[in-house]
Amino acid sequence: MREQHTSIRRTLRICSSRRFRFLFACVTVFSLFSLLFSRLNTVTGQRTLSRYANRIPSVPKIRVPTSDSILNDFRQPVNPLPREKNDIFDDRSGSEKLLSVPFSSALALALDEYRSILPPLEDRAPIYCYHDPAAAEDRTTADAESDLLLTWRRAWWAHGFRPIILGPADALNNPLYGELQRLDLEPAVKTEITRWLAWETAGGGLLSFYTVLPMGPEEDPELIFLRRGIYPKLIRWQGLDDGLLAGSQLDVLAAIKHVLASSEPKQVKGFLAAAPTERFQVDDMPKPIVYYDASLIKTKYGKVNEALNDSRARGLKSLNLLINSHLHAAWQNHFSDGIAVMKPLPEHSTHMISDARQLAVSLSQCSPSPMVNSCPPNNDQCNPCVSSRPMHISTPGRYQNISTLYTIGTVPHPYTTALLRELRKEVDIPWIRWNSPRDPWLRAATMGLLGATVSSAIRVVRFKEMVASQYGTAHSLWLTAEKLIEEDKLKDYLDWHFGFAIPYDQDRGYSDPGPGRRPKPEHDPVDGPVANEADLALEPFLLQRARELHVTHNDVDGEEGGDRHQAVAVRAAIEAWNLGDTEAWKFATAFLAQRIVERLEWEKDESG
Ligand SMILES: *[C@@H]1O[C@H](CO)[C@@H](O)[C@H](O)[C@H]1NC(C)=O
Ligand SMILES: *[C@@H]1O[C@H](CO)[C@@H](O)[C@H](O)[C@H]1NC(C)=O
């Protein structure tokens, strides 16, 4: 009895001791926190999941309010142009159409799932070029012209326009065509008016020659004005002659009628001379637009001029190379701080970012040119591309928002991240639950912008801004680590994304000072740690394993079974655990796919 009493008394004494009270307080606080966090998780989890589930097929362009601030960047243009039938994201065309796009089914699914939260594609203002293929004297000239037209289309597409080639058939469809034929005009003037008629048939907008190209940063105010697609009057520009014109259909029509009504057709020396001056507004030479006309070529680009004098076909080929190299050089000059290939998890992602790195290397080289070291016509002070001193390429761990630095990101699925981070062949659910960090990739990537304390939800919003805002698309490109997009399709798209033919296998060649004299590459601490050989050797295998997770049922018909179920469960678990990383991955994947599809669909329409 006595013994019992002492033991009770001792227990009581322990309970009232200070240390015990402290312990008790800790336990209480901890359990409260756990409760709160598990609550929070289910809430954010539900919100994200419901967003996936919440597909509203009949009204796809509705603004889903979940993406908060980022949507500010996706304002519809004030005066939206009529959407064309090729708008595949209009849902009536539905998912069959999406799936008919030749992608792996995993990608098509990701795109389908994400359509409702992707920013609507910007309407592209049309820019027309009148071209009569029959006018070329021979086959090689025609080929050279069509190469130039490709360069022209690519450059304007990259700058946010919808480049369209018009032909004699468009002029023929104009009701005024008959009237033109009846007039007794100089042949050159007749061709000129035919060009205007085709433009009028197409509905007005911008009319350009294929030697007029945009060579300025996306955010240039004059390009922004042109992209808006609304022109109060007929506009011409000093120094561009009739190389670039802008105007609404009504104004174009009025000008044509005025010229056709001329009392002495034989005296008409040119369209612009005969057109009513009061309808025109003449603006200063726009800085970001260049026009390679005969006099410019003669004064500045002698080699091309010689080639032109020799034969038109040879000259146009040479001019095409020159223009392409200038477009590339203009891009390189704009991004004077070089290219950042993002590497947020630096220890084991060397292999994962190798495609991005390879692309950066290609972009940093010089395009072939008949006049190496020449500058674009609108920038005599440029730093010409010198192959011994290519653009700087870094591999920083964090996104840096510098306007003269181009970022190429590689976004991994959280499963890929897990395998590579841990150098594990596989992961299981208990490991995910107890040992894995949440959203490691997104956290690292946005650390520079947001610091260490903010939530994944905020990071995701910022990440979407990095990828998809107007500023983002002009300053960065985001690939995914799992190669869901076929390589040739991606390569083809990239030329249109950047607006020039990327020199993939350019020989660094002649100006290499030789191995002995080459400066030793110094390791820049910004580039993160260097992986050791043994780990590096493991990466390709692990990455391959990670990619296999995204092979869907359709792609591997018949191979069912426990493995598959296991993989699906692990995938679900890892996605639920890493909501931020998953969302970033899906968004980046779908965004890139959307861009590629936009272009493919447009090309299909164009070729028709
Ligand atoms: C063009 O070629 C002709 C002969 O074919 C030659 O007389 C003339 O000097 C050349 N012009 C230039 C600018 O090379
Ligand atoms: C980067 O900076 C620009 C302005 O310099 C800003 O408009 C943009 O929102 C920034 N992007 C991010 C992701 O912070």
Side-chain angles (χ1 to χ4, degrees), residues 63-78 114 117-122 158-160 216-225 227-228 287-288 330-345 353 356 360 392 394-412 439-480 497-498 526 579-592 594-595:
R63 300 260 194 83
V64 179
T66 39
S67 290
D68 306 322
S69 71
I70 186 172
L71 285 168
N72 295 338
D73 277 301
F74 304 137
R75 261 166 287 155
Q76 294 270 9
V78 193
Y114 251 63
I117 67 149
L118 282 176
L121 288 166
E122 291 274 324
H159 281 81
E218 288 273 305
E219 58 269 28
D220 187 287
E222 281 169 297
L223 283 175
I224 292 174
F225 166 73
R227 263 201 298 269
R228 209 173 293 147
K287 182 98 194 354
W331 182 87
Q332 290 181 332
N333 271 274
H334 182 55
F335 293 103
S336 51
D337 278 310
I339 306 172
V341 178
M342 289 261 286
K343 198 177 182 188
L345 302 170
I353 64 159
H392 180 65
S394 56
T395 51
R398 303 157 173 199
Y399 175 78
Q400 298 159 288
N401 193 0
I402 301 172
S403 66
T404 49
L405 179 71
Y406 196 85
T407 299
I408 304 178
T410 308
V411 190
D439 300 327
W441 187 86
L442 184 65
R443 207 179 135 75
T446 55
M447 191 65 86
L449 286 180
L450 298 171
T453 51
V454 308
S455 71
S456 284
I458 292 174
R459 290 182 196 278
V460 165
V461 170
R462 203 59 181 272
F463 173 77
K464 289 179 181 174
E465 197 183 325
M466 277 149 59
V467 175
S469 64
Q470 250 168 34
Y471 181 90
T473 48
H475 291 82
S476 62
L477 173 77
W478 299 84
L479 308 171
T480 40
H497 176 88
F498 289 101
V526 161
L579 290 173
D581 273 9
T582 306
E583 174 115 350
W585 179 81
K586 287 195 171 173
F587 186 83
T589 310
F591 186 77
L592 181 61
Q594 183 198 37
R595 297 293 153 132

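Remember, it's 1-based here, ligands and their atoms both numbered in the order they're listed. The figures here come from the full heavy-atom set of this structure, side chains too, leaving out hydrogens, waters and symmetry mates.
- Atoms of ligand 2 found under 4.0 Å from any heavy atom of R462, numbered from 1 in the order shown, are 12 (C), 13 (C), 14 (O).
- Checked against a 6.0 Å centroid threshold, the rings of W331 and F498 count as neighbours.
- The contact set between ligand 2 and E465, taken as ligand atoms under 4.0 Å from a residue heavy atom, comprises 8 (C), 9 (O), 11 (N), 12 (C).
- For the pair Y399 and ligand 2, the shortest N or O to N or O distance does not fall below 3.5 Å.
- At least one side-chain heavy atom of Q470 sits less than 4.5 Å from a side-chain heavy atom of E122.
- Atom numbering of ligand 2 starts at 1 in the shown order; those under 4.0 Å from a heavy atom of N401 are 1 (C), 2 (O), 3 (C), 8 (C), 10 (C), 11 (N), 12 (C), 14 (O).
- Close approach to M466 involves these atoms of ligand 2, each under 4.0 Å from a residue heavy atom: 13 (C).
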Name every donor-acceptor pair, under 3.5 Å, that has one atom in a side chain of residues 217-225 and the other anywhere in the protein, sequence neighbours excluded.
from : atom 1 : to   : atom 2 : distance (Å)
D220 : OD1    : E222 : N      : 2.8
E222 : OE1    : K287 : N      : 3.4

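- The nearest pair of heavy atoms linking F591 to T473 is CZ-CG2, 3.5 Å.
- Checked against side chain to side chain donor-acceptor pair (under 3.5 Å), H334 has no partners two or more places apart in sequence or in another chain.
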